[in-house]
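Data first, discussion second: the structure below is written as structure tokens.
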2 protein chains.
Amino acid sequence: MATATIRDVAQKAGVGVGTVSRVLNDNVSVSQETRRKVLAAISELDFSPNLAARRLSSGKTMVIGALVPYFTNPSVVRRLQGIVSVVTNSVYDLILFDVELVERRDEYLLNVLRRQMVDGLLIISLTPTDTDVQHIQQAELPTVLVDANHPALSRVVVDNVFGGYQATKHLLDLGHRHIAYISDYLDDPFNSPVRDRFKGYRQALAETGLEFIPEYHQQGPHGRYEARAMTTNLLNQPTPPTAIFAYSDTQAIGVIEAALDLGIKIPEDLSVIGFDNIEAAEYLHITTIRQALYESGVSGCELLLQVMANPMPEPQEILLPIELVQRNTTAPPIH
Amino acid sequence: MATATIRDVAQKAGVGVGTVSRVLNDNVSVSQETRRKVLAAISELDFSPNLAARRLSSGKTMVIGALVPYFTNPSVVRRLQGIVSVVTNSVYDLILFDVELVERRDEYLLNVLRRQMVDGLLIISLTPTDTDVQHIQQAELPTVLVDANHPALSRVVVDNVFGGYQATKHLLDLGHRHIAYISDYLDDPFNSPVRDRFKGYRQALAETGLEFIPEYHQQGPHGRYEARAMTTNLLNQPTPPTAIFAYSDTQAIGVIEAALDLGIKIPEDLSVIGFDNIEAAEYLHITTIRQALYESGVSGCELLLQVMANPMPEPQEILLPIELVQRNTTAPPIH
DNA sequence: TGACCAATTGGAACCGGTTCCATCTTAGCT
DNA sequence: AGCTAAGATGGAACCGGTTCCAATTGGTCA
């Protein structure tokens, strides 16, 4: 069956197309009787308005976009789950843009902006440049950052400096004095948390009067295997660290595996603390800094819906709490 | 800036709108010189074609839909990651429909079909009813099932009966004779794997001359906590099982936690085998049946793209292999 | 040289909604 | 009774692309 159009409905109901449109969009003035007739015609023809046409004429897409980096990253997935839970209960649909290659990030953003693909945009764990922000503002697209920061955009963030500080402080409090940090590349322009946590790490060290030892900071691509390699580097040094702060739980798992390989006991010989509190951290009893991943998605999406409904003059910031979760991978050093 | 339209481009380039459209869609006959002029005008005006308009006039949405149940389920996430990896490298965008409530499943499907929201549809882990299939065929929407089965639709599947058989056989081969199965509700019409694996379980038992003991089958909502409760039920029986086959790794984790609570040692006192081989199974060294989750998403999406490009008269079936992964949660029974 | 054909191009019609404006009722008020 | 205002309705114009048809141009061949 060729799908019915609004004109078919109008004809069948004996009214004009404008009236049918009014019935479809409720709220406007249509008499009871007319509405009844139109609804009857609609159900008789099994009519459902064509989305593309509706979008073109109304200028609204009824779609929210989510720009995510590395959809394979468990913390990103968790945030997305929060987003999905909110979108599912709204009138919007969700379109997913996965940025696997940082070089293609721009392309995506511009594409989304210029083609009016979405009514609102969530950017996850990708710090936008000033140029990006300019583009966004020019396009007047409601946008919310989740786990990324920019003064000109609304955002849901966590105090990563404090998180890095807290993780390091925990190790210091246990008595460790040789504390390493393994992380993603510090100079990744789109990853600001990696720098913030590093800052917190150094603050805690400085506060205790410890010097920062460059050899104790290893950086590389994100991932379990990469973390494993970095850990081996660390543990083969003349004075190996007695504790390792990993930028993410995923990396902490790599650290643990490397230690296992080398016959180094955790937490007796080596303390490990991660970050994020992904599910696997719970299974493996990894001490970590919990951040509200799922909730960040929920809040981010709720904030976006608000901004879309009535644009706010000032960008909003929602700060989510973090918390040390002590489990079984940290303990005082032996000597 | 009000975004430029194709007519603005036409005017600036001194050509007709048809010509601009031809340039945009390549392949048709446009002279070198004209093409150059048009492209110049396009870049000068920073023009990008409006998607809604393109969709309306061409009838193509350039969007693929993915209908998934419980986006929080790790195996579903893994499949989706496979899908995303393929979609990202295609010209299509991905729209995600998360069905949290089974009752709303129909609503989603009909909505997607009738409003021509997508050019192709992937249905993950949701077995469609005959009525659903009728609707899909009526709408002539290219559709591929992933981890779900229906003879009239193309699909990517795994032999779940064999999987259940293999898991149970592994336990039998180790010498177990009291083997329980914990699973989702068997009568969930949209979850056929749960029944298939159960069938395999019973086949293996029967083949060994063992009777099926109803008390050894526990069913309930999917989840770690629910699995924990079911395990406690099992282990408190007069003759508790010496081995448990869990429908999913997530449930196997619940089983392990319950055993830990009760001071029951794994694998010495209790063997546990899961299904799926999600990442956590690797971390926790759970013996399981590996199915190619990520690959199922990849193949499913590739198959869909094929079907969309040139519709096939016959529905295709791709059967992915499964494999026993022996780790540390299964061993021979003590007595 | 004239007929014919292919390549190129312009632009109207169309996709199926929304929206605005003009028109027509009808009730309310003096 | 006459006038006004509010409510209901029809339908043209519009959103911004694609596509088809007709027209123009230039080249080829007999």
Side-chain angles (χ1 to χ4, degrees), chain A residues 1-42 45-63 91 111 113-117 119 139, chain B residues 1-42 45-63 91 111 113-117 119 139:
Chain A
M1 50 159 191
T3 45
T5 76
I6 203 173
R7 282 165 236 271
D8 299 331
V9 174
Q11 193 174 10
K12 172 143 245 155
V15 302
V17 292
T19 303
V20 177
S21 179
R22 271 169 228 127
V23 171
L24 286 175
N25 297 288
D26 272 336
N27 58 11
V28 215
S29 58
V30 178
S31 74
Q32 282 298 320
E33 173 57 14
T34 309
R35 179 180 303 272
R36 204 195 45 68
K37 279 193 305 190
V38 172
L39 289 176
I42 285 177
L45 292 171
D46 192 28
F47 165 82
S48 177
N50 177 295
L51 275 186
R54 184 171 257 192
R55 283 172 183 164
L56 177 58
S57 58
S58 74
K60 309 215 145 293
T61 64
M62 300 313 282
V63 170
V91 296
N111 218 358
L113 293 176
R114 288 169 38 195
R115 317 187 74 172
Q116 300 160 255
M117 297 183 69
D119 291 344
Chain B
M1 55 164 186
T3 45
T5 75
I6 202 172
R7 282 166 237 270
D8 300 330
V9 174
Q11 194 175 7
K12 173 142 243 152
V15 301
V17 293
T19 303
V20 177
S21 178
R22 271 168 227 127
V23 171
L24 286 174
N25 297 288
D26 272 336
N27 58 13
V28 213
S29 57
V30 178
S31 75
Q32 282 297 321
E33 173 56 13
T34 309
R35 178 180 304 271
R36 204 195 45 68
K37 279 193 304 187
V38 172
L39 289 175
I42 285 176
L45 292 170
D46 191 28
F47 165 83
S48 176
N50 176 297
L51 275 186
R54 185 172 257 192
R55 282 171 183 166
L56 177 58
S57 58
S58 73
K60 308 213 147 294
T61 65
M62 300 312 281
V63 170
V91 296
N111 218 358
L113 293 175
R114 286 168 39 194
R115 317 187 75 173
Q116 299 161 254
M117 297 184 69
D119 290 346

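The structure displayed is predicted, hence computed values, not measured ones. Order of the sequence lines sets the chain letters (A, B, ...), proteins ahead of strands, with each chain counted from 1.
To the nearest angstrom, C1' of dG10(C) lies 12 Å from NZ of Lys37(B). Atoms NZ (Lys60(A)) and P (dC15(D)) sit 17 Å apart, rounded to a whole Å. Taking atom CD of residue Gln116(A) and atom C1' of nucleotide dG17(D), one finds them 12 Å apart after rounding to whole Å. Remark: C1' of dG16(C) and CZ of Phe47(A) are 8 Å apart, rounded to the nearest angstrom. For the pair Gln11(A) CD and dG16(C) P, the interatomic distance rounds to 15 Å; values are reported in whole Å. Atom CD in Gln32(A) sits about 11 Å away from atom P in dT9(D), given to the nearest Å. Going from atom CG of Asp8(B) over to atom P of dG17(D) covers 9 Å, rounded to whole Å.
Comparing dT9(C), dT9(D), dG16(D) by their nearest atom to the side chain of Thr34(A) picks out dT9(D).
Atom-to-atom distance recorded for Leu56(A):CG and Thr61(A):OG1 is 12.5 Å, nearest 0.5 angstrom. One finds the CD1 atom of Ile42(B) at 8.0 Å from the CD1 atom of Ile6(B) (value rounded to the nearest 0.5 Å).
Comparing Val15(B) and Leu56(A) by the nucleotide of DNA chain C that holds the closest heavy atom to each, the one mapping nearer the 5' end is Val15(B).
Thr5(A) pairs by the side-chain hydrogen bond (donor to acceptor under 3.5 Å, both in side chains) definition with nothing, not counting sequence neighbours. Remark: Leu51(B) pairs with Arg115(A), Met117(A), Arg55(B) by the side chain to side chain contact (heavy atoms under 4.5 Å, CB included) rule, at least two apart or across chains. Legend: residues meeting side-chain hydrogen bond (donor to acceptor under 3.5 Å, both in side chains) with Ser58(B), ordered by chain and number and at least two apart, are absent. Applying the side-chain hydrogen bond (donor to acceptor under 3.5 Å, both in side chains) criterion to Gln32(A), with sequence neighbours excluded, gives no partner residue. Contacts of Ser57(A) classified as side-chain hydrogen bond (donor to acceptor under 3.5 Å, both in side chains), with partners at least two apart in sequence or in another chain: none.
Within the structure, the salt bridge (charged side-chain N to carboxylate O under 4.0 Å, His left out) test picks out the following pairs touching residues 5-14 of chain A (sequence neighbours left out): Lys12(A)-Glu44(A).
The two residues Arg54(B) and Pro49(B) come nearest to each other via the heavy atoms NH2-CG, 3.8 Å.
The terminal axes of the helix from dT1(C)-dA30(D) to dT30(C)-dA1(D), fitted over 5 pairs per end, subtend an angle of 40° to the nearest 10°.
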Report, as a single string ordered 5' to 3', how protein heavy atoms within less than 4.0 Å touch nucleotides 18-24 of chain D: B base, S sugar-phosphate only, - not at all.
-> BBB----
